[in-house]
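Read the structure below first, then the notes.
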Number of protein chains: 2
Amino acid sequence: MDIRTLCLGILTLGEASGYEIKQSFEDHFSRFYEASFGSIYPALAKLTEEGFVTCTELPQDKRPDKKVYRITAQGRLAFIDELMKPPGRDRLRSEFIATLMFADLLPTRHLSDMLDERVRDARGAVAEWRAREQGRVTPGQRFVLGYAIAMHEAMARYIEDNRHLIEGHALLTPGAAPAG
Amino acid sequence: MDIRTLCLGILTLGEASGYEIKQSFEDHFSRFYEASFGSIYPALAKLTEEGFVTCTELPQDKRPDKKVYRITAQGRLAFIDELMKPPGRDRLRSEFIATLMFADLLPTRHLSDMLDERVRDARGAVAEWRAREQGRVTPGQRFVLGYAIAMHEAMARYIEDNRHLIEGHALLTPGAAPAG
DNA sequence: GGGTCTATATATCGGATCGAAATAGGTTTG
DNA sequence: CAAACCTATTTCGATCCGATATATAGACCC
């Protein structure tokens, strides 16, 4: 499932320009799948070539011209074909986790700041998704939203519950009493 | 934090060949950060050029020759410098989630198989990590291992608890009784 | 008034990375 | 005894990201 296919998928929800597809990626797939303009525009060009989408140029005043893409019947079939393929493994690239693997090389203060920031970010994302959960979404979208919320809540909870493992052991060492 | 830096990190744990670094990625970073030979070998060449690692060719009988890499003092400093930079956002590419966004386009049977497979995979990964948890690891590694376990347990649990949202509503609709 | 920021909109390019193949001998498995 | 897999490195096309270029216009600040 490449960006080309995902663009096709977004176009099953309605016509859109490249710019709007980028926004759609941020709205619907944020944190699960991302795509840059450098992928989207060439993808749309190729999909047009292949007859999976059609393109209508739409002049706008006070705005740059827009190219509106619409999925074709052939494109719909191609998309379903792709959807039916068993999904590949998740591919995550987490600099956060990679850094924590080497936690023993970093000052505790630095680690604490990183963990605080991470928990804040996760909780913030959960709050945003909870707001969106109220809106009108398909069952699939509701499931994915709930998944995102569950994952990020688990992340924040795990960090809070286990940060002592890397933030120094003074308070856990038997016999050691906090100063003051 | 690019692959070059991650290679440097792995070399802080001891000398290794490119092949062994690939295995290390699979052991330590599996599902958090991946790297292919196509990234690792050029990375090691560049690190050697820059003086961050040294390379010793080691002829082996009954095996292809090996190039063993060792991190230098300069390399260690460069790695810490990189580690201290605030980690970038996690970047995930999940075909599984992308597919479920369009769950309404897929037959229920197909969805069920996908979800079963996913739960099986997550539970399997958790079992493997639990086994590794017993071994000798640094606090950072223990934290990351626990994180991996917590995330995948949350994933399996969420899917089990919410799969009815996309597997059809017959059993939930008031008044609807299962056939047979 | 000038400066910067943000938003809409598309195109393009360098560089990072993947995934697969090429090469080559040894070992395990059916 | 062939097929499959393990060790080990190199290389290459394809994909994708991130940044930049281009153009216009409203918002905000000093």
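Order of the sequence lines sets the chain letters (A, B, ...), proteins ahead of strands, with each chain counted from 1.
- Taking atom CD on A:Glu26 and atom C1' on C:dT6, their separation rounds to 14 Å, with Å as the unit.
- One interatomic measurement links the two molecules: NZ of B:Lys22 to C1' of C:dC18, which rounds to 10 Å at whole-angstrom precision.
- Checking side-chain atoms of B:Arg163 against main-chain N and O of B:Leu115 turns up no donor-acceptor pair under 3.5 Å.
- In this structure, CD of A:Glu57 is placed 14 Å from P of C:dA9, rounded to the nearest angstrom.
- A:Ser30 places no side-chain N or O within 3.5 Å of a backbone atom of A:Asp27 that could act as its donor or acceptor partner.
- Ring geometry for A:Tyr147 against A:Phe143 counts as parallel: the plane angle stays under 30°, on a 0 to 90° scale with 60° as the upper cut.
- Using cut-offs of 30° and 60° for the angle between ring planes, the B:Trp129 and B:His152 rings count as perpendicular.
- For residues 78-104 of chain B, the set of pairs meeting the ring-ring contact (aromatic ring centres under 6.0 Å, His included) definition, not counting sequence neighbours, comprises A:Phe79-B:Phe102, A:Phe102-B:Phe79.
- A cation-pi arrangement, defined by a distance under 6.0 Å to the six-membered ring centre and an angle within 45 degrees of its axis, is present between A:Lys22 and A:Phe37.
- The main-chain N or O of A:Gly51 is found under 3.5 Å from a side-chain atom of A:Thr72 such that the two form a donor-acceptor pair.
- Bending across the helix from C:dG1-D:dC30 to C:dA24-D:dT7, expressed as the angle between its end axes from five pairs apiece, amounts to 30° (10° rounding).
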Going 5' to 3' through nucleotides 4-17 of chain D, assign each nucleotide B (protein heavy atom under 4.0 Å from a base atom), S (under 4.0 Å only from sugar-phosphate atoms) or - (no protein heavy atom that close).
--SBBBBB----SB
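- Under the 4.5 Å side-chain heavy-atom criterion for ILVMFWY residues, no single connected hydrophobic cluster contains both A:Tyr19 and A:Leu8.
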